[in-house]
Amino acid sequence: MKIVTWNINGIKARIGNLMVWLKDSQPDIVCLQEIKSVDDQFPRAEIEALGYNVETHGQKGFNGVAILSKYPFDEVNRGLPGENGDEQARFIEGVFSTEKGVLRVVSLYLPNGNPIGTEKFSYKLAWMARLEQWAVERLKLEEPLILAGDYNVIPEPIDAKNPAAWVNDALFQPESRQAFRRLCNLGFAEAVRAVTDAPDTYTFWDYQAGAWQKNNGIRIDFLLLSPEAANRFSSAAIEKHVRAWEKPSDHVPVAIDLALETA
DNA sequence: ATGGTAGACGATCTA
């Protein structure tokens, strides 16, 4: 089963690329971030015509997440629980029945947090603390669980072409990195790092200053696998070629394969 | 130190 996360940076601007990519890449489940659309303007009919079930959690102008799935949704949960709920649309969870049992998948868009020293950065850290508490509870279920999305965190220097350029950025602050490590240390495997230590495996290249042409990228899009999911994990791939398309997102799809179907 | 680009929106804000 192929599961992919992709920050598409606007569904209205990216529906053409998304349709081409879906036909080409043939994913079973897709976690989208930054749809930048309200739910009733999301182009669900086009996507449903390819055989996907579509669930969205959008808002006007910014943020917004979605899950596309060839498997029907048994359950959908919108918003990260805790405090007074999410006023920003950054979290959606789907539950599916596979041939090997239940599968839980989350599409998340973690707050950027810039500039540091502001309420935006404290909101990011608070959101990460809430995510950790949510994960503690979900891991008790001992199910295959995938937390996929744009984490807006550069975990290690190897995850940036030029780490020195990010030292004052919210994505590379010690507090952000520590919170990401705390989440992983609950027992998740980070899929791409589980199969390679190679550098230059980035998932984001800024639109500005020729970042793509210079391969000046960062790796901030991840799939975290619970032990039950990791035990069925076979491979991961960063679909980097999509960044060279016309009108690309600044992020590319990150795909994994899980053995959750009958051979 | 600045500005470089992109999307949504309708003035700027977010990234």
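Lettering of chains follows the sequences in order, A, B, ..., and the numbering in each one begins at 1.
Counting to the nearest Å, the P atom of B:dT5 and the CD atom of A:Gln213 are 12 Å from each other.
Using a 4.0 Å cut-off between charged nitrogen and carboxylate oxygen, A:Glu239 and A:Lys2 count as a salt-bridge pair. For A:Arg193 and A:Glu156, the salt-bridge test fails: no basic side-chain N is under 4.0 Å from an acidic carboxylate O. Ion pairing of A:Glu175 with A:Lys124 is absent here, as no side-chain N (NZ or NE/NH1/NH2) approaches a carboxylate O to less than 4.0 Å.
Spacing of P atoms, B:dA6 relative to B:dT2, comes out at 23 Å, to the nearest Å. B:dA15 and B:dC9 have their C1' atoms separated by 15 Å, given to the nearest Å.
By the salt bridge (Lys or Arg N to Asp or Glu O under 4.0 Å) test, A:Arg232 is found to be paired with no residue, residues two or more places apart in sequence or in another chain being considered. Taking the salt bridge (Lys or Arg N to Asp or Glu O under 4.0 Å) definition, one finds that A:Lys240 meets it with nothing, sequence neighbours left out.
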Open item on the list: Within the 4.0 Å limit for protein heavy atoms, which parts of nucleotides 9-15 of chain B are touched? Write it as a string from 5' to 3', B for base, S for sugar-phosphate only, - for none.
Closed with: SS--BSS

